[in-house]
Structure formats: structure tokens, C-alpha cells
Amino acid sequence: MNTILLRINESVATITLNRPEKRNALNAELLTELRTIFTTLSSDNSARVIVLEGAGKAFCAGADLEYLQKISEYSIIDNFVDSRLLQETFHTIYTCPKPVIAKVHGPAIAGGCGLASVCDFVVASKEKALFGYSEVKIGFVAAIVMVYLLKKIGDTRTRNMLLTAENITASEAERIGLITHAVDADQLEDTVQRLAETLIKNSASSLMITKEMLRNLHGMSLEDGLRYASAMNAFTRMTDDCKNGIASFLG
């Protein structure tokens, strides 16, 4: 069985984590495939929007138990290499030039919650989705995702999630800004489809530049940010999408 399935339909690429018997738990094989697919889709013009989902009852339950057993026996070098794989996979998704929507129909726990949090949009089922970081319960640390989580929901809420290790509902996740939309389970598919259709209507180059700016502006001073924004403003005016869009608007 392939650990990941991919289909592209009408400019929407859907990536399905396909380990339902393991609740789509992460292991080295799945992470490697995920990184490769996102790298490929980043330059595939047939895909304008990417949807990430999970097969079975869970979106992703974190690290595979067999995987955890293996890494507990790794040397420091082995653990460093393996940690880099997780870091690179998350970063590949986070820096993907195309909008990425996490479609969360069930639990997204630990690494699975991290996987959803590095996507641009998260649409989740009110009834069945759960979000949480359980790492500290087993003596582990949600180290890599902590970097993204601080940017996304701030220090106070990050501390609460990571230190308590308690799961929260989709409605609570929406309230604190961890996810974009909490919807009824029977509306999940339609909501994701409508969001994808909205994104496809927008300029691909503008979406790419906007994502890049949102990523780079974090940590810049006001002055550096404004200089960078001014340069990107000037650059955007020279793109074909901008020129064609202005011409169309002016009739």
C-alpha cells in the first residue's frame, strides 16, 4: 500500500496520507514521500492549490509507535539526521509557493497537529477533529513545530498547548487562531472545495509572493520590513499577472 496518494483534478492537488490502519502516523517513509511530493508540486503548473487530508478515522496521530521505538535506540547522529527529515518536511510544506489547505476530519495529534499547523489554511470538523501536542507526556518535546506555533498563535497560547498536552476541539482551535474554519462534518468537503475555488481565481504569482512576504516579514524591524515591502511592491508591478490584471481592470 502506498503511504501517500496523490490526485490532481481541475487545478487542485489532493494529497492523502494513506496509513489508515496506523491512524496515518508519521514514519520516515511517509515523511520522505511527503517532502518529495510537495517539492514536485511546487513547480507543477497543473496544480494551483494543494489539499492535505488523511484516510480513515484520523487526520494524523503523530509518530508511529514502531518509529518511536526505533528512534529511542538511535545514536545522536542518527537522531540528528532523522530530526532533520521532520524539519525539512515541515519546512517544505510551509514554504510551498502554492496555497495549502489541511482538511482535518479527525484527530490531529502531536506531529499530526504540527503537520496541520504548517499549512496555510486548516478546515476541520467540529464533531470529530481534535488538536493537541502530547509530546511532554512521553518525555519528548514538540521542538520543531514550536517555531511555527509561536508565529501562529503567540507565546501564551503556545505555552498552554505544549505544557498541558491537552487536546482541544476544532471550535476552540478556531477561537485561538490555530485553524481557519471549524465546520459541521457534513460541510467539510464543500467548505474545502469552495476555499480552493476561491484561491484558484487569484493570481498564482501574487499568491506566491504574498506567501513569501508573510514568511519573511516575521522578525524584521519596522524599517527593514517597509524597505522589503517597497521592493516587493515594485517587483510585483513588473509581473505578467499584474500587467494583465491592470489591463483587464481598465478595460
Side-chain angles (χ1 to χ4, degrees), residues 35 38-39 41-43 48-50 52 83-84 86-102 108 111 113-124 131-133 135 141-164 168 170-182 195-196 198-250:
R35 181 182 61 182
F38 267 94
T39 299
L41 288 175
S42 291
S43 57
R48 295 279 305 278
V49 175
I50 301 171
L52 179 62
S83 182
R84 281 292 299 273
L86 180 64
Q87 179 261 314
E88 289 172 2
T89 302
F90 280 7
H91 192 63
T92 299
I93 297 171
Y94 185 72
T95 59
C96 178
K98 299 172 183 182
V100 182
I101 306 169
C113 192
L115 195 57
S117 72
V118 296
C119 297
D120 299 301
F121 303 90
V122 184
V123 184
F131 299 87
Y133 295 94
E135 283 85 347
V141 176
I144 294 169
V145 75
M146 193 186 305
V147 178
Y148 300 103
L149 199 60
L150 280 167
K151 293 178 183 294
K152 193 158 197 173
I153 62 173
D155 186 277
T156 299
R157 286 165 174 163
T158 295
R159 285 174 186 269
N160 186 56
M161 288 200 73
L162 298 188
L163 297 178
T164 66
I168 61 174
S171 295
E172 175 65 8
E174 181 184 38
R175 187 188 72 79
I176 68 173
L178 181 65
I179 73 171
T180 319
H181 302 292
L195 177 55
T198 296
L199 293 166
I200 288 170
K201 293 176 184 177
N202 297 330
S203 157
S205 66
S206 293
L207 290 173
M208 178 183 69
I209 293 169
T210 298
K211 284 196 61 173
E212 182 179 337
M213 289 189 67
L214 286 168
R215 185 169 71 248
N216 292 339
L217 281 168
H218 279 292
M220 285 189 182
S221 68
L222 176 62
E223 292 75 16
D224 288 344
L226 288 171
R227 278 193 292 269
Y228 170 63
S230 180
M232 295 304 290
N233 186 301
F235 170 76
T236 304
R237 298 179 190 187
M238 299 169 63
T239 64
D240 289 339
D241 277 5
C242 186
K243 291 178 180 179
N244 293 335
I246 291 174
S248 177
F249 181 75
L250 295 176

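Keep in mind the model is a prediction, meaning the values are calculated, not measured.
When the side chain to side chain contact (heavy atoms under 4.5 Å, CB included) test is applied to Ser43, no partner is found at least two apart in sequence or on another chain. Asn216 meets the side chain to side chain donor-acceptor pair (under 3.5 Å) test with Tyr228; sequence neighbours excluded. Residues satisfying the side chain to side chain donor-acceptor pair (under 3.5 Å) criterion with Asp224, sequence neighbours excluded, are Ser221, Arg227. Residues that satisfy the salt bridge (Lys or Arg N to Asp or Glu O under 4.0 Å) test with Glu172, not counting sequence neighbours, are Arg175. By the side chain to side chain contact (heavy atoms under 4.5 Å, CB included) test, Glu174 pairs with Ile179, Ala182, sequence neighbours left out. For the side chain to side chain donor-acceptor pair (under 3.5 Å) test, no residue two or more places apart in sequence or in another chain qualifies with Arg215. Checked against side chain to side chain contact (heavy atoms under 4.5 Å, CB included), Ser42 has the following partners two or more places apart in sequence or in another chain: Cys96, Pro97. With sequence neighbours excluded, no residue forms a side chain to side chain donor-acceptor pair (under 3.5 Å) with Ser230. Shown here are the side chain to side chain contact (heavy atoms under 4.5 Å, CB included) partners of Leu207, two or more places apart in sequence or in another chain: Pro99, Asn202.
Minimum interatomic distance between Ala142 and Tyr133 (heavy atoms only, all atoms of both residues): CB-CD2, 4.3 Å. Considering all non-hydrogen atoms of both residues, Gly132 and Cys113 come closest at O-CB, 3.5 Å. Nearest heavy atom pair, residue Thr236 against residue Thr239, reads O-OG1, 2.8 Å.
To the nearest 0.5 Å, the span separating CG on Leu41 from CD1 on Ile93 amounts to 11.0 Å. To the nearest 0.5 Å, atom CE of residue Met220 and atom CG of residue Leu226 are 10.5 Å apart. With rounding to the nearest 0.5 angstrom, the CG atom of Leu217 is 10.0 Å from the CD atom of Glu212. From Lys201, atom NZ reaches atom CZ of Arg48 across 12.0 Å, with rounding to the nearest 0.5 Å. A distance of 6.5 Å separates CG in Leu214 from OG1 in Thr210, rounded to the nearest 0.5 Å. Atom CG of Asn160 is separated from atom CZ of Arg157 by 9.5 Å, given to the nearest 0.5 angstrom.
Listed by first and then second residue, the salt bridge (charged side-chain N to carboxylate O under 4.0 Å, His left out) pairs that reach into residues 88-100 are Arg35-Glu88, Arg84-Glu88, sequence neighbours excluded.
Counting heavy atoms from C-beta on, the side chains of Ile168 and Ile176 come closer than 4.5 Å.
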Please tabulate, for side-chain N and O atoms in residues 114-123, each donor-acceptor pair with protein atoms closer than 3.5 Å (sequence neighbours left out).
| unit_1 | atom_1 | unit_2 | atom_2 | d |
| --- | --- | --- | --- | --- |
| Ser117 | OG | Gly114 | O | 2.9 |
| Asp120 | OD1 | Lys211 | NZ | 3.4 |
| Asp120 | OD2 | Val100 | N | 2.8 |
| Asp120 | OD2 | Lys211 | NZ | 2.7 |

Listed pairs under 3.5 Å, donor-acceptor, residues 144-151 side chains, sequence neighbours left out:
| unit_1 | atom_1 | unit_2 | atom_2 | d |
| --- | --- | --- | --- | --- |
| Tyr148 | OH | His91 | ND1 | 3.4 |

